[in-house]
Enquirer: 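Have a look at the structure that comes next, please.
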Amino acid sequence: MTFNQYKKKLEHYCNYQDRCHSEVNAKMSNLRVPYGYREEIVLHLIQENFLNEKRFVESFVWGKIKQLYWGKQRLIRELQAREISDYLINYAMKLIDDETYMEIFFLALDKARRIYANADSVVAKKQIINYMIRRGWENALIYEYLD
């Protein structure tokens with residue numbers, strides 16, 4: 001493949017949904033993009049606004065919190081796994097206002113209660129706690145509202 005073909009493939013990859021640098025680097029490895037092209041391609045993607053980590057963080061956080069009901073701890077872990085800077089992670093956490101956060105928390109808690117409704121109360125409570133912890137909700141919040 002030529003440089004322009006790699007560039008077009010990666011433009012399409014970034015255009016399909018917002019991506020972070022680590023995802024683009026992983027995609028370049030999968031495509032076996034020669035190392036000599038990689039830096040120039042990333043620079044092109046940034047200059048043409050195909051690759052924008054701030055935009056990625058915003059869409060990632062809102063997508064995960066509203067569709068999967070993730071808490072802040074899970075969001076932070078996932079962003080760190082994608083090698084997002086602490087500055088952008090802090091920025092992302094400030095985007096989530098307390099009212100919205102609590103609304104999503106209660107939606108997640110209701111979902112967990114529906115999932116584990118058939119278990120006896122002690123087992124169900126443990127399963128709900130584990131479910132909420134896996135979703136990244138703070139222990140203090142879980143215990144405060146579960147009882």
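All values derive from a computational prediction rather than experimental measurement.
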Enquirer: I'd like to check the side-chain hydrogen bond (donor to acceptor under 3.5 Å, both in side chains) partners of Lys54; sequence neighbours left out, ordered by chain and number.
Expert: none
Enquirer: Under the ring-ring contact (aromatic ring centres under 6.0 Å, His included) test, which residues partner Tyr131, sequence neighbours left out?
Expert: none
Enquirer: By salt bridge (Lys or Arg N to Asp or Glu O under 4.0 Å), which residues pair with Glu23, not counting sequence neighbours?
Expert: Arg82
Enquirer: Report yes if some heavy atom in the side chain of Asp18 is under 4.5 Å from a heavy atom in the side chain of Glu58; otherwise report no.
Expert: no
Enquirer: Please walk me through it: do Gln17 and Arg19 pass side-chain contact (heavy atoms from CB on, under 4.5 Å)?
Expert: CA-CA 6 Å; Gln17 78 179 43; Arg19 307 290 181 175; 3.5 Å; yes
Enquirer: Check salt bridge (Lys or Arg N to Asp or Glu O under 4.0 Å) between Lys125 and all other residues, then give those that pass, not counting sequence neighbours.
Expert: Asp147
Enquirer: Which pairs would a plain distance check flag for residues 31-45, meaning a side-chain donor or acceptor within less than 3.5 Å of a matching protein atom at least two apart in sequence or in another chain?
Expert:
residue, atom, partner, partner atom, Å
Arg38, NE, Val33, O, 2.8
Arg38, NH1, Ser29, OG, 3.3
Arg38, NH2, Val33, O, 3.0
His44, NE2, Glu11, OE2, 2.5

Enquirer: Suppose we screen for side chain to side chain contact (heavy atoms under 4.5 Å, CB included). Which residues come up paired with Gln67, at least two apart in sequence or across chains?
Expert: none
Enquirer: Could you give the distance from CD1 (Ile133) to CD (Glu138), rounded to the nearest 0.5 Å?
Expert: 11.0 Å
Enquirer: Quick one: NZ on Lys8 to CG on Asn15, what's the gap to the nearest 0.5 Å?
Expert: 10.5 Å
Enquirer: Ignoring hydrogens and angles, write down the donor-acceptor pairs under 3.5 Å from the side chains of residues 68-77, residues two or more places apart or on other chains.
Expert:
residue, atom, partner, partner atom, Å
Arg74, NE, Glu78, OE2, 3.1
Arg74, NH1, Arg134, O, 2.9

Enquirer: Group every Ile, Leu, Val, Met, Phe, Trp and Tyr by side-chain heavy-atom contacts under 4.5 Å, then state whether Val123 and Ile115 land in the same group.
Expert: no
Enquirer: Do Leu10 and Phe50 have side-chain heavy atoms sitting under 4.5 Å apart?
Expert: no
Enquirer: Say whether Val122 and Ile128 are linked into one hydrophobic cluster, either directly or through other cluster members, by side-chain heavy-atom distances under 4.5 angstrom.
Expert: no
Enquirer: In the single-linkage hydrophobic clustering (I, L, V, M, F, W, Y; side-chain heavy atoms under 4.5 Å), do Ile46 and Phe60 co-cluster?
Expert: no
Enquirer: Taking the side chain as every heavy atom from C-beta outward, state whether His21 and Glu83 have any atom pair closer than 4.5 Å.
Expert: no
Enquirer: How is the hydrophobic cluster of Tyr16 composed, in terms of its other members, when Ile, Leu, Val, Met, Phe, Trp and Tyr link through side-chain heavy atoms under 4.5 Å apart, directly or indirectly?
Expert: none
Enquirer: Taking atom OH of Tyr143 as the centre, does the number of heavy atoms from other residues, nucleotides or ligands within less than 6.0 Å exceed 12?
Expert: no
Enquirer: Any non-hydrogen side-chain atom of Lys126 less than 4.5 Å from a side-chain atom of Tyr116?
Expert: no
Enquirer: Taking only residues two or more places apart in sequence or in another chain, which ones pass ring-ring contact (aromatic ring centres under 6.0 Å, His included) with Tyr145?
Expert: Phe105, Phe106
Enquirer: Roughly how far, to the nearest 0.5 Å, is OG of Ser22 from CD1 of Ile84?
Expert: 6.0 Å
Enquirer: So, using side-chain hydrogen bond (donor to acceptor under 3.5 Å, both in side chains) as the criterion, who are the partners of Ser85 when residues are at least two apart?
Expert: none
Enquirer: Just to verify, what does Asn30 make a side chain to side chain contact (heavy atoms under 4.5 Å, CB included) with, not counting sequence neighbours?
Expert: none
Enquirer: Return the set of residues passing side chain to side chain contact (heavy atoms under 4.5 Å, CB included) with Asp97 (not counting sequence neighbours), or none when no residue passes.
Expert: Glu99, Thr100
Enquirer: According to a hydrophobic-cluster definition based on side-chain heavy atoms being under 4.5 Å apart (Ile, Leu, Val, Met, Phe, Trp, Tyr only), do Ile89 and Leu51 belong together?
Expert: no
Enquirer: Is it possible for you to say whether Leu141 and Val61 belong to one hydrophobic cluster, with membership spreading through side-chain heavy-atom contacts below 4.5 Å?
Expert: yes
